[in-house]
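Structure, as C-alpha cells:
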Protein chains: 2
Amino acid sequence: MDPLDSSASKPNARLAAQSSPQGIAADLVAVLVSVTSGEPRVLTIQDQRALPSGPFELAHRSLQSGLRAWVERQTRLPLGYVEQLYTFADRDRAGSTGQHVISISYLGLTREQPAFGEHEARWRGWYDYFPWEDHRDGPPPLMEKALQPGLKAWASAASDRAAQRARRQRAAMLFGFEEHGWNEELVLQRYELLYEAKLIPEATRGNSTASTSTRAALSNAPGHPMILDHRRILATGIARLRAKIKYHPVVFELMPDTFTLLQLQRCVEALAGRQVHKPNFRRLIEQQELVEETGETSQDTGGRPAKLFRFRRAVLAERAIAGTKLPVSGA
Amino acid sequence: MDPLDSSASKPNARLAAQSSPQGIAADLVAVLVSVTSGEPRVLTIQDQRALPSGPFELAHRSLQSGLRAWVERQTRLPLGYVEQLYTFADRDRAGSTGQHVISISYLGLTREQPAFGEHEARWRGWYDYFPWEDHRDGPPPLMEKALQPGLKAWASAASDRAAQRARRQRAAMLFGFEEHGWNEELVLQRYELLYEAKLIPEATRGNSTASTSTRAALSNAPGHPMILDHRRILATGIARLRAKIKYHPVVFELMPDTFTLLQLQRCVEALAGRQVHKPNFRRLIEQQELVEETGETSQDTGGRPAKLFRFRRAVLAERAIAGTKLPVSGA
DNA sequence: ATAACATATGCTCAACGAGAGTATATGACA
DNA sequence: TGTCATATACTCTCGTTGAGCATATGTTAT
C-alpha cells in the first residue's frame with residue numbers, strides 16, 4: 001500500500017472548500033457508442049488511437065450536462081443517454097509532465113451516425129480493440145490460437161503449485177475455458193488479466209516506456225491499441241453497457257425511430273457479443289410492452305416482410321427505474 | 001441545457017496532458033459503513049453533519065489506494081472493501097469561495113468498530129439520516145404521517161392533469177404506495193424526489209441560502225441533515241450497497257470473524273432495510289457454500305444455541321467475480 | 001422435575017420465469 | 001409453382017424463488 005504524505009494524514013481533515021488548490025487538472029473522456037448495420041462502434045480521434053476528451057471547464061452546471069453539451073456541439077450527434085463511468089487518477093497518466101490529471105469518463109449512446117463530419121473523429125468497431133469479446137459466432141479463432149496458449153504459459157510461470165492453480169482457475173473463469181460458461185460482462189477483468197499476463201501492452205504506464213524485448217513480444221498482440229489508458233476506459237464502458245441492457249431499456253437509444261424486432265435483436269447481440277434466442281427475445285420484448293407497431297412493414301433481405309415497431313417512450317415514465325429485462329443469458 | 005464557453009467547444013479538443021491547469025481542487029469523500037448490534041452505521045465528523053473527507057494529494061498510486069491508506073491511518077480501521085461511488089462537480093458545491101471542487105466519493109466497509117478514538121469522528125445509524133428507508137418492521141409510521149400527505153400535496157400542485165398523474169405515479173412507484181411494492185434500492189431517487197417536493201432541505205445548493213419561509217416549513221423535516229451534498233452522497237452509498245449485497249459477498253466484510261446465521265441475516269436485513277425469509281436465507285447461504293462451521297456454538301439470548309460459522313474466503317478466488325446471490329426479494 | 005418458551009434447523013410445495021425446441025405463416029425469387 | 005428465407009406463434013421442461021410448516025435443542029419459570 002502506498003504511503004501518504006503527511007498533509008493527507010493530519011487528523012481531522014478539513015472539507016472541500018478549505019482544501020488548498022494545487023493545480024490539478026480535470027479531463028472529461030467520452031465513450032460514445034452507436035450501432036450501425038449490426039456492428040457496435042465507438043467514436044475515436046487521433047488516428048483511432050484515442051477516445052474524444054477535453055478539459056473540464058467551469059461553466060457547466062454539472063459534469064453530466066457539461067459533457068452532454070460538449071459532445072453534442074462537437075459531433076452534432078444527439079446524445080440519448082449519458083452515464084458516468086469512472087474517475088481515474090493514476091500518477092502515471094500524466095506522462096512526462098508530472099502534472100496530475102484526473103480523468104472523469106462517461107458513456108454516451110447515440111443513434112446511427114447521420115454525419116459526424118469534420119476533424120479526425122471517426123467511428124470504429126469496438127471489436128477491433130477487443131477481438132476476443134465477439135462471441136456472436138461462437139468463440140473467435142483468436143481465443144484458441146493466441147489467448148489460450150498464452151494464458152496457459154502465464155499460469156505455468158507462477159512460482160508455486162497453488163499460485164499456478166489459482167492463475168489457471170482465474171483464466172478459465174474469465175475466458176470460459178473448462179466448463180465455465182462465457183460471461184460477456186467481464187470485459188474489464190479480461191482486459192486486465194491479458195495485460196497482467198503481458199499478452200497485450202500495458203495500459204496505465206505510458207506505452208513509450210516498454211522495453212524492446214517486451215515490445216517485440218507484443219508486436220502482434222491481439223486488438224488495436226490506444227493511448228494512455230483509453231483502452232481500459234473503453235473496456236469499462238463496454239462492460240457497463242453490457243450489464244445495463246439487461247435491466248434497463250437503453251438499447252432503444254441506439255435504434256432508429258422504427259425498426260424490426262430482428263434489427264433490435266441484432267443490436268442487442270452486437271452489444272452483448274453473443275447470440276440471443278429469438279423466440280424468447282420476442283416474448284420478453286412484447287410481454288413487457290416495450291414497443292408498439294407502426295402498422296408498416298419492411299422488406300429487407302427477402303423473406304417475409306417484418307412488422308415495424310417503435311419504442312414506447314411511455315415506459316420511461318411508467319417504470320422509469322423499476323427495471324426491464326432483456327434475455328441475454330447470464331453466466 | 002447549459003451553454004459551454006468557447007474553449008470547451010473548439011474543434012478537436014486535445015488530450016489530458018495538454019489541457020491547461022486551472023486550479024481545480026479534488027476532494028475525496030468517504031462513506032464508511034459498519035454494522036454494530038444490528039444497526040447500520042456510517043462514520044461522520046463535524047457534529048455528525050458531514051462525511052469524512054480530505055484533499056486528494058499527489059502521492060498516491062491511485063485514487064483507491066490513496067483513500068484506503070488515508071482512511072486506515074485516520075481511523076485505524078481495516079477497510080475490507082472499497083469501491084468508487086461517484087464524482088460530483090456541481091458549481092454550487094464550492095460555496096461562497098467560487099473555487100471549483102471536484103468530489104470523488106467512495107464506499108468503504110469495515111468491521112464492527114474496535115476503537116476509532118480521537119477527533120470528532122463518530123458513528124451514527126444511517127437511518128437517522130433516512131428514517132423512511134427502514135422497513136424492517138413494515139413501513140415506518142413516518143411514511144403515512146408525513147411523507148404520503150406531503151407527496152400528495154406536491155402531486156396536486158402540478159400545473160395540468162397529466163403532470164399531476166405523472167407526479168403521483170412517480171411518488172407511488174418510488175415509495176411503494178398503491179400496489180407498487182417497496183424497492184429498497186431506490187434510495188437516491190427517493191431522496192431526490194423528497195427535496196424536489198421540498199419536503200427536505202435541498203442539498204446541492206448551500207443550506208445557508210434557504211429563504212426563511214422555506215426554512216420554517218422544513219424545520220421539522222424528516223431525517224438528520226448534512227452539509228453540502230453529503231447526504232446525497234450517503235444516499236448513493238446506501239443504494240450501491242443495497243444493490244451489491246445481492247450478488248456479491250460483501251456482507252462478510254461487515255461481520256466479525258465468526259458469527260451465527262441469524263446474526264448474518266440481521267446484518268443483511270439492517271442494510272437492506274427489510275426483513276428476509278429465514279429458511280430461504282439459510283438455504284441460499286449454505287447451498288452456495290459461502291460459510292463453513294467452526295464447530296463451536298453460541299448461546300446469546302436463551303433458546304437453542306446456534307452454530308458458529310466463518311466466511312469461506314476461498315469463494316473470493318473461486319468465483320471472484322462470477323457472483324453470489326442473497327435473497328433480498330426484489331421489487 | 002416439568003411445563004412453557006425461544007431459537008435453530010430442516011423439509012415440502014406451489015408459482016413463476018428462463019432456456020430451448022418445434023411448428024406455422026407469409027412473402028420474395030427462380 | 002415450388003423453394004427458400006424470414007417472421008411469428010406455441011409448447012415443454014427445468015431451476016429458482018417465495019412461503020409455510022414441522023422438528024430439534026436448548027433456556028427459563030413454576
Side-chain angles (χ1 to χ4, degrees), chain A residues 38 135 138 181-185 245-247 258-269 272 274-309 322-331, chain B residues 38 135 138 181-184 245-247 258-269 272 274-310 322-331:
Chain A
H135 284 231
W182 173 259
N183 185 340
E184 76 281 353
E185 290 189 27
I245 54 173
K246 290 182 186 172
Y247 58 91
T258 66
F259 48 84
T260 71
L261 289 186
L262 186 58
Q263 284 170 347
L264 182 64
Q265 180 183 341
R266 293 284 180 253
C267 180
V268 169
E269 289 175 336
R274 53 160 51 191
Q275 286 198 335
V276 161
H277 191 73
K278 193 196 291 200
N280 293 345
F281 181 79
R282 305 173 89 93
R283 174 175 57 187
L284 242 69
I285 295 293
E286 298 196 318
Q287 87 183 11
Q288 291 183 116
E289 303 181 304
L290 292 175
V291 297
E292 61 190 4
E293 300 186 14
T294 68
E296 301 175 22
T297 60
S298 145
Q299 56 271 40
D300 285 343
T301 63
R304 173 175 171 178
K307 288 182 193 164
L308 281 175
F309 290 87
T324 290
K325 281 175 233 165
L326 281 191
V328 179
S329 56
Chain B
H135 283 231
W182 173 260
N183 185 341
E184 76 282 353
I245 55 173
K246 290 182 186 172
Y247 59 91
T258 65
F259 47 85
T260 71
L261 289 186
L262 185 59
Q263 285 170 347
L264 182 64
Q265 181 182 341
R266 293 286 179 250
C267 181
V268 169
E269 289 175 335
R274 53 160 51 191
Q275 286 199 335
V276 161
H277 190 74
K278 194 197 288 200
N280 294 345
F281 181 79
R282 304 172 90 95
R283 174 174 59 186
L284 239 70
I285 296 293
E286 297 196 315
Q287 86 185 8
Q288 289 182 118
E289 301 181 307
L290 291 176
V291 296
E292 62 191 2
E293 300 185 15
T294 68
E296 303 173 21
T297 59
S298 144
Q299 56 272 39
D300 285 342
T301 63
R304 174 174 171 179
K307 288 182 192 165
L308 281 174
F309 291 86
R310 167 188 11 237
T324 290
K325 280 175 241 169
L326 281 191
V328 180
S329 57

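Below, read A as the first sequence line, B as the second, and so on, with proteins coming before strands; counting in each chain starts at 1. Computed from a predicted structure; not experimentally measured.
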Distance check needed: [N] [atom2] versus [X] [atom1], whole Å only.
X      : N      : atom1 : atom2 : result
A:Q275 : C:dA18 : CD    : P     : 20 Å
A:I285 : C:dA18 : CD1   : C1'   : 15 Å
B:R282 : D:dG20 : CZ    : C1'   : 16 Å
A:F281 : C:dA20 : CZ    : C1'   : 17 Å
A:E286 : D:dA7  : CD    : C1'   : 11 Å
A:L284 : C:dA18 : CG    : P     : 6 Å
B:E293 : C:dA8  : CD    : P     : 14 Å
B:H277 : C:dT9  : NE2   : C1'   : 13 Å

Within a strict 4.5 Å, meaning less than it, do heavy atoms of the [X] and [Y] side chains meet?
X      : Y      : answer
B:F309 : B:L264 : no
B:L308 : B:T260 : yes
B:E286 : B:L261 : yes

*Could you say whether B:R283 or B:K278 is positioned toward the 5' end of DNA chain C, judged by the nucleotide with the nearest heavy atom to each?*
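First, find each residue's nearest nucleotide; the 5'-ward one identifies B:K278.
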
_I'd like to know if A:R304 reaches the base of C:dA25 with its side chain such that a donor and an acceptor end up less than 3.5 angstrom apart._
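Yes.
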
*Are more than 12 heavy atoms from other residues, nucleotides or ligands located less than 6.0 Å from atom CD of B:E292?*
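Correct, the count exceeds 12.
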
*For B:L261, answer base if it contacts any base atom (sugar-phosphate contacts may also be present), sugar-phosphate if it contacts only those atoms, and nothing otherwise; contact means non-hydrogen atoms under 4.0 Å.*
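Here B:L261 touches no strand at all.
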
_Is A:K307 close enough to D:dA7 that one of its side-chain N or O atoms is under 4.0 Å from OP1 or OP2 there?_
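Answer no for this pair, as no side-chain N or O of A:K307 is under 4.0 Å from OP1 or OP2.
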
*If you pin A:A306 and B:Q287 to their nearest nucleotides in DNA chain D, which one's is more 5'?*
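With A:A306 and B:Q287 compared, the 5'-side residue is A:A306.
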
